[in-house]
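The residues of the chain are indexed from 1 along the displayed sequence.
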Amino acid sequence: MTSRRDFIATASLAATGFALAPLAACSQERPNGATPEPREKPAGSIADIAPLGGALLMRTIPSSGETIPAIGVGTSGSYEVPLDSAEFASLKAVLKVFFEGGGSVIDTSPNYSNAEDVVGALLADGGWRERCFLATKLAADSRAALEAQWADSLRRLRTDKVELLQVHNLRNMAEAMPYARELKAQGKAKYIGITHYLESGHAETERLMRTEKPDFVQINYSVNAPQAARSLFPAAQELGIAVMVNRAFDDGKLFATARGKDLPGWAADAGVTSWAQMFLKFVLSHPAVTVVIPATGKPERQADNLKGGVGPLLDEAQQAELVAMFG
């Protein structure tokens, strides 16, 4: 470890005011409807995508002991496409790469226009439902609306149950969370959770983690927004709550910031060959994180994302250096 890295790590940790946890072992929301900045296209095509070169990292769900792959799929934006489109055909290739690479977690929502329809059709067409850890959300303002929305989600997803049912952005918690618990008791959802996607929601999210004790919490975390490591991640570890991370690429903005930047000199030692892999390894290097859910509609990028969950993770100094670069 170089003295320069030591200096950067110390300065960064002091500036950000939090200590990154020791090494152990997102759905990306686009609330403004903005189109993410493009990232550099990895070399290769669906016909010659390189194999992962190792096993995909697995993480444990604290409430049950079940393990799931640490790289998942988000569906905001990328999966909001017509069912008869070229984009839908591309998503078939995306999920082929994903499942054959060892992935299983797909996160969606009735709020993502027709994404549930697309996910349901893709899983049915590919015969992948039994291999999928399927997550969706409740997002409605009355009990009647919640019940109608849930029935519609099952129809659109072409299933009779989901692995994870989350209250979307803490909406109508007073009715949505009890309903989610009822569905879990009925065997319609294996796990229940809560979600948010902004730092402004972190305090309320932590409060609800402590009072509701969900199985999962979904929250934003990235090299340029590492605030969740201050309180939410320690709270999740304390309470035994699994963490799903969204916005790991900051809705694609990180690729614009990284354009023209060289990877750090230690990237090869970490098995990293792209910024996408680096941003995902940063997220997974916090031991509280169970799974990260980047979204993409391109198979070569899906393959690149999976590689972020293979090989060694980043040490504290490497994580802090990235925060200093992008914070």
Side-chain angles (χ1 to χ4, degrees), residues 21 26-29 59-70 72 74-76 104-112 132-141 143 146-147 149-150 153-154 157 161-221 227-248 283 286-293:
C26 160
S27 90
Q28 298 176 58
E29 306 258 3
R59 286 277 167 87
T60 301
I61 300 170
S63 67
S64 68
E66 179 183 2
T67 59
I68 56 175
T75 59
S76 176
S104 71
V105 180
I106 299 179
D107 177 80
T108 191
S109 170
N111 278 17
Y112 303 160
C132 180
F133 184 101
L134 183 58
T136 193
K137 305 180 181 76
L138 295 172
D141 296 325
R143 173 65 185 236
L146 286 164
E147 290 179 357
Q149 183 184 69
W150 169 245
S153 287
L154 292 181
L157 291 166
K161 62 185 176 181
V162 297
E163 280 63 52
L164 172 60
L165 183 60
Q166 305 153 101
V167 179
H168 199 166
N169 296 341
L170 314 182
R171 181 173 174 177
N172 189 18
M173 282 287 295
E175 292 180 295
M177 198 64 174
Y179 184 47
R181 292 191 192 282
E182 290 177 29
L183 293 171
K184 180 180 179 181
Q186 295 168 16
K188 298 295 185 180
K190 190 172 185 179
Y191 303 101
I192 58 174
I194 58 177
T195 83
H196 211 282
Y197 66 101
L198 294 173
E199 183 184 1
S200 60
H202 285 193
E204 180 66 1
T205 298
E206 183 182 354
R207 185 187 74 78
L208 290 167
M209 288 166 63
R210 295 186 179 280
T211 58
E212 299 290 342
K213 296 180 174 58
D215 299 302
F216 273 78
V217 61
Q218 181 181 148
I219 200 67
N220 62 303
Y221 181 60
Q227 298 87 355
R230 296 178 183 173
S231 60
L232 292 184
F233 289 177
Q237 291 174 298
E238 172 193 343
L239 298 167
I241 297 172
V243 175
M244 182 179 287
V245 168
N246 60 43
R247 304 187 74 198
V283 170
H286 197 296
V289 174
T290 310
V291 59
V292 57
I293 47 172

With rounding to the nearest 0.5 angstrom, report the [atom1] to [atom2] distance, [X] to [Y].
X      : Y      : atom1 : atom2 : result
Met177 : Leu146 : CE    : CG    : 12.5 Å
Tyr179 : Lys188 : OH    : NZ    : 10.0 Å
Met244 : Leu164 : CE    : CG    : 5.0 Å
Leu138 : Glu147 : CG    : CD    : 10.5 Å
Met209 : Glu204 : CE    : CD    : 12.0 Å
Lys161 : Leu154 : NZ    : CG    : 11.5 Å

* To do: Run the numbers on Leu165 and Lys184 for side-chain contact (heavy atoms from CB on, under 4.5 Å), then give the verdict.
  => CA-CA 8 Å; Leu165 183 60; Lys184 180 180 179 181; over 6 Å; no
[X] to [Y] - nearest heavy-atom pair and separation:
X      : Y      : value
Asp215 : Tyr191 : OD2-CA, 3.4 Å
Pro214 : Ile241 : O-CG1, 3.3 Å
Ile219 : Ala228 : CG2-CB, 4.2 Å
Val289 : Val283 : CG2-O, 3.4 Å
Ala140 : Arg171 : N-NE, 3.8 Å
Ala139 : Gln149 : N-OE1, 2.7 Å

Counting N and O atoms only, with roles assigned by atom type, does the side chain of [X] sit under 3.5 Å from a partner on the main chain of [Y], one being a donor and the other an acceptor?
X      : Y      : result
Thr290 : Val243 : yes
Glu163 : Ala135 : no
Asn246 : Asn220 : yes
Gln218 : Ile194 : no
Thr195 : Asn169 : yes

* Does a salt bridge link Arg181 with Glu212, judged by any charged N lying under 4.0 Å from a carboxylate O? -> yes
Is there side-chain contact between [X] and [Y], with heavy atoms separated by less than 4.5 Å?
X      : Y      : value
Glu66  : Lys190 : yes
Arg230 : Glu206 : no
Tyr221 : Val292 : no
Arg210 : Glu238 : yes

* Where does the angle between the aromatic ring planes of Phe133 and Phe216 fall among parallel (under 30°), tilted (30 to 60°) and perpendicular (over 60°)? -> tilted
* Asked: Do Gln166 and Asp107 pass the side-chain contact (heavy atoms from CB on, under 4.5 Å) test, and can you show the C-alpha distance, the side-chain angles, and the key distance before you say yes or no?
  -> CA-CA 10 Å; Gln166 305 153 101; Asp107 177 80; 3.0 Å; yes
* To do: Applying side-chain contact (heavy atoms from CB on, under 4.5 Å), run through Leu208 and Val167 and close with a yes or a no.
  => CA-CA 11 Å; Leu208 290 167; Val167 179; over 6 Å; no
* **Derivation and outcome, side-chain hydrogen bond (donor to acceptor under 3.5 Å, both in side chains), residues Thr205 and His196** => CA-CA 7 Å; Thr205 298; His196 211 282; 5.3 Å; no
* Chi angles and distances behind the side-chain contact (heavy atoms from CB on, under 4.5 Å) call for Leu232, Gln227 -> CA-CA 8 Å; Leu232 292 184; Gln227 298 87 355; over 6 Å; no
